[in-house]
Amino acid sequence: MKRLKLILLRIVQIIPVLLIVTMLAFWLSNVSAGDVANVTLQSKGIQPTEESLAAIREELGLNDPLPVQYINWLKKACRLDFGVSFQTNRPVTEEIFSRFPATLELAISASLLAVIFAIPLALLATRYRDSAPDHVIRVMSSIGATMPDFWIGLMLLYFFGVQLKIAPIVAGSKIQNIFLPAFTLSIQYAATYTRVLRGNLVEINRLDYIKAARARGLSEGGALVKHGLKNAILPVITLIGVNFGKLVGGQVAIETIFSWNGIGQFAISCMKVKDLPVIQGYIIIVLLAYVIVNLILDVVYMYIDPRIEVE
Amino acid sequence: MNIVEVKSLYKSYTKSKPTKYAVHNVSLGIEHGEILGLVGESGCGKSTLGALMLKLIEPTKGEIWFDGKNITNLTFRNMRKIRSHMQIVFQGSSNAFNPYHTVRQIISEPMDNYTKFSSAEKERKILACLESVGLGAEHIERYSGELSGGQRQRIGIARALILDPKFVVCDEAVSSVDYGLKKQILKILYDLKQEKGFTYLFISHDMAAINAVCDRVAVMYLGNLVEILPSTDATALHPYTKALMAATLEPDPKIKKKKLVLFNESGDFSYPHGGCPFQSRCLYASEKCRTEDQLLREISDGHFVACHLI
């Protein structure tokens, strides 16, 4: 009951966040685009003249004060109507939703893979700290955290795609081909999570309740999993949430290398031509995904740390 | 009969070629049903010796016997079987418990690992155990962070005693609590011993607590046993023990004790190469003390001292 209440509270707390971010997104994209009327006209291939500018201002409601424009925009945005892309002349929502699932799949897979790699590696490193497995894992995680992902991607593509021919060179957003791009993205996160988790585990491992867990009938490894892992993983969950924001915004380099038709490439191309409706829609959709994932992580948090209660 | 005995035990925390020892050639037996006090200053190896007796850490050299059985080289699986008979109580700091576990989870963990009680039975045992340390059922849902220092200390005792162990190491079990509470906890430990016949190794640097409950007292200095007193009122003979005894604080601030100079308070106190470990601080050290090792000798019945001067 308490948990349900807390989850509801979190959802309510999201509303002001959404409002503030949409406000900023609307305002900043308007400011940075310069004269919206001018940009709109040019995108339609119409030579801006005094009359055409006045007409388009009237049509787009640009003569209204900015807050009124925002409210009108927000009303439409609530129905996921962001207007029509200047570039492609198709509805923004359609454009985004044809690409966003691919990005989301990639972001979720990469986050999951990173955790799946990090947990056993960190446990292994802690269990055998300061001996060979620990040293190997530490060196590997340092390398993993510093290698550029596009380079790893190219190498993997060359090795598995060109040499071994077991992976397609063009992944084409197909879910069965997701492993290589997701793996490539996950390496740097897996490396960071391993280091953070190992550090926390070693710290916790020194505490009396782990040291004496064997007296209560647990093995050293068992104590590490039962008492150590749950305590050590909380900061990693926070990191997953933060990093997910980066991932869900699209990964231009990885999308390009693996021909993964995600939102990253599209968003960049639209920003270049000041495709305002797309930029605004993109910010909102990414924000929504980010907020939802962090909400889910909050719930996970609650189950791991039962002490979190409504204050 | 000795329930626990260590023979020529060494422990070094350095990995290869040990040069410094936390426990250095210690032989000590603890008799069934007694409370053996283990005193010495911080860092002298008391806790290490306690952990070694439970084989929570591996000795570098020497033997550990428990209940007439050599457990030095037992495998994890075989060791696990006898671990339920030996438990440890720590200082009731927050580190002694998993912060995400409730009192119920904390106390039931040893039962989960060693017994097949039904949850109703466990609950009953937990409540009985809480009662025996003076806590009520209202504490059962709390997290360790929600408890006071004294309550935490008692939860630590309850967790150690839930399986009715034969041997309990109390590692500074009353050091973090105030004077009134200390008396209360010592009484709990003492009553439980009388009632259930537990054997304790009572590690402390607090002479007053040691004097209150212990049958015999072993004194440690820099990893070595320097004296074993057959009773708490036996006359200390080793210069270090004398100094320790004299350092007992008087609870009444009106009684001012004169500060006695009992050992050198400055100089190099690192572990000496050869000879008596106490030589650099001892006021009476002679040439012999600096060159010849001195092991524990029985001076009178049950009274052992390691000193060239006696």
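Here is the naming used below: chain letters follow the sequence lines, and residue numbers restart at 1 for every chain. The figures here come from the full heavy-atom set of this structure, side chains too, leaving out hydrogens, waters and symmetry mates. Not measured: the values here are computed from a predicted model.
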Completion exercise
What one should report as the nearest heavy-atom pair of A:Y209 and B:A96 is CB-O, 3.0 Å

Handout entry: Minimal non-hydrogen separation, A:A212 against B:I88, with atom names
Key = CB-CG2, 3.7 Å

Practice task
Spell out, as yes or no, whether a donor-acceptor pair under 3.5 Å connects the side chain of B:R83 to the backbone of A:G217.
Solution key: no

Handout entry: Side-chain donor/acceptor of B:N113 to backbone N/O of A:R216, under 3.5 Å
Key = yes

Heavy-atom distances under 4.5 Å only: say whether [X] touches chain A with side chain, backbone, both or neither.
| X | result |
| --- | --- |
| B:K55 | backbone |
| B:P165 | neither |
| B:L56 | both |
| B:F76 | side chain |

Evaluate the side-chain proximity of [Y] to [X]: yes if any heavy-atom separation is below 4.5 Å, no if none is.
| X | Y | answer |
| --- | --- | --- |
| B:E109 | A:L218 | yes |
| B:H101 | A:H227 | yes |
| A:L234 | B:Y100 | yes |

Practice task
Look at atom CG of B:N73 and say whether more than 12 heavy atoms of other residues, nucleotides or ligands are closer to it than 6.0 Å.
Solution key: no

Handout entry: Heavy-atom neighbours of B:E131 CD exceed 12 at 6.0 Å
Key = no

Problem - Choice from B:Q87, B:M86, B:R159 maximising heavy atom contacts with chain A below 4.5 Å - result: B:R159

Exercise for the section: Specify which of B:S84, B:A51, B:P110, B:P99 makes the most heavy-atom pairs with chain A at under 4.5 Å. Expected result: B:P99

Handout entry: Residue among A:D130, A:I304, A:I210, A:L207 with most heavy-atom pairs under 4.5 Å to chain B
Key = A:L207

Problem - Separation of A:S219 OG from B:R77 CZ (nearest 0.5 Å) - result: 10.5 Å

